[in-house]
Enquirer: 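Just passing along the structure, written as structure tokens.
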Amino acid sequence: MSFRAFLRASVGRLRGKGIGEAVSAPTLETRRLLLRAHTLASAEEWFLLHEEARVREFLNWPPRSRGQALRHLRVRTQSTRLCRAEDFMALAVELEGRLIGDISLQLRAVASEVRSVEIGWVLHPDAQGNGYAREAAEAVIQFAFEAVHARMVLAVVHSRNTGSLRLAERLGFHELSRRESERLLVLTRDDFALADRGAERDPDMALPRPASGGRLC
């Protein structure tokens, strides 16, 4: 059983319980990036992301035609709210008006004392190596702690995905366990703050503010 299947099975019976006030997808501006809800206007760039074998190597994404990629993107455009366990929120990573990747949060546990989200990120290979993934992840992790009030942020990373493992380490994640070819990583607010202080961050980077959907769930 994969880590994601295990997490789904662990929280499935809590699906009916919400976090209180639903949290809607934010628009976050960092120094170089715009993180926003997906739109169908990015369909061609989304298809090009899917077309890259290097992108699919460590994901569960199969090769997709333009039509299939469009349907996948349409689901992404509707993934804008966190309320109950397993809810999924996806944000486009945009650079100078062009979609270069995707970053997501999935609500895993809802009880306030153990609330957790799983983060995932993917960038087009042409955009890698410039610090964009770290910049996006820092903003979304802070959003998870401040707006979702998560106690922990989880990440499931393939053992051979050395780039994502290095990034996770720089963000402050540490390994919780291993299963088959995956590593389950965990990050607390304190871990993130400590990693933050040791990092070379641009002091002018715009940080996200807490946001909510305004409706009880």
Enquirer: To the nearest 0.5 angstrom, please state how far the CZ atom of R183 sits from the CG atom of L185.
Expert: 8.0 Å

Enquirer: Is it true that V55 and I103 fall in one hydrophobic cluster, defined by side-chain heavy atoms closer than 4.5 Å?
Expert: no

Enquirer: Can you check whether F143 reaches L105 side chain to side chain, under 4.5 Å on heavy atoms?
Expert: yes

Enquirer: Quick check: do Q142 and F192 have side-chain heavy atoms less than 4.5 Å from each other?
Expert: yes

Enquirer: Taking CD in E57 as the centre, count heavy atoms belonging to other residues, nucleotides or ligands within less than 6.0 Å. Is the count above 12?
Expert: yes

Enquirer: Could you grab the distance from atom CG of D102 to atom CG of L73, nearest 0.5 Å is fine?
Expert: 9.5 Å

Enquirer: Hey, are the side chains of M89 and R81 touching, using non-hydrogen atoms and a 4.5 Å cut-off?
Expert: no

Enquirer: Between E29 and L34, what is the shortest heavy-atom contact and its length?
Expert: CG-CD1, 3.6 Å

Enquirer: Salt-bridge test for E51 and R56: reply yes if a basic N is under 4.0 Å from a carboxylate O, no otherwise.
Expert: no

Enquirer: Have a look at F173 and tell me which of L184, L154, I119 forms a side-chain contact (heavy atoms from CB on, under 4.5 Å) with it.
Expert: I119

Enquirer: So if you build clusters from Ile, Leu, Val, Met, Phe, Trp, Tyr with side-chain heavy-atom gaps below 4.5 Å, do V122 and L99 land together?
Expert: yes

Enquirer: Kindly work out whether a path of hydrophobic side-chain contacts (I/L/V/M/F/W/Y, heavy atoms less than 4.5 Å apart) joins I100 to V140.
Expert: yes

Enquirer: Considering residues at least two apart in sequence or located in another chain, which fulfil the salt bridge (Lys or Arg N to Asp or Glu O under 4.0 Å) criterion with R64?
Expert: none

Enquirer: Measure the spacing between CD of E135 and CG of L28 and express it to the nearest 0.5 Å.
Expert: 11.5 Å

Enquirer: When you check the side-chain N and O atoms of R76 and T39, is any donor under 3.5 Å from an acceptor?
Expert: no

Enquirer: How long is the span from the CD atom in E86 to the CD atom in Q106, to the nearest 0.5 Å?
Expert: 5.0 Å

Enquirer: Does a side-chain heavy-atom distance below 4.5 Å link V157 with E182?
Expert: no

Enquirer: Report yes if the side chains of R84 and L107 come closer than 4.5 Å at any heavy-atom pair, otherwise no.
Expert: no

Enquirer: Applying the 4.5 Å side-chain criterion to the ILVMFWY set and letting contacts propagate, would W121 and L95 be lumped into a single cluster?
Expert: yes

Enquirer: Minimum heavy-atom separation for A139 to T30, with atom names?
Expert: CB-CG2, 3.8 Å

Enquirer: Is there a continuous path of hydrophobic side-chain contacts, each under 4.5 Å between heavy atoms, that joins L59 to L49?
Expert: yes

Enquirer: If every non-hydrogen atom of L165 is compared with every non-hydrogen atom of S159, which pair is closest and at what distance?
Expert: CD1-O, 3.5 Å

Enquirer: Look up atom CD in E21 and atom CG in L82, then write down how far apart they are to the nearest 0.5 Å.
Expert: 13.0 Å

Enquirer: Among residues at least two apart in sequence or on other chains, which ones pass ring-ring contact (aromatic ring centres under 6.0 Å, His included) with H72?
Expert: W46, H50, W61

Enquirer: Taking the side chain as C-beta and beyond, is there a heavy-atom pair between E94 and L35 under 4.5 Å?
Expert: no

Enquirer: Report the distance from atom CD of E146 to atom CD1 of I141, rounding to the nearest 0.5 Å.
Expert: 12.0 Å

Enquirer: If every non-hydrogen atom of T188 is compared with every non-hydrogen atom of F145, which pair is closest and at what distance?
Expert: C-CZ, 3.4 Å

Enquirer: Shortest non-hydrogen contact from D191 to G172?
Expert: CB-O, 3.6 Å

Enquirer: Can you confirm whether H124 sits close enough to E52 that some side-chain heavy atom of one is under 4.5 Å from a side-chain heavy atom of the other?
Expert: yes

Enquirer: Looking at E96 and R98, is any side-chain nitrogen of the basic one under 4.0 Å from a carboxylate oxygen of the acidic one?
Expert: no

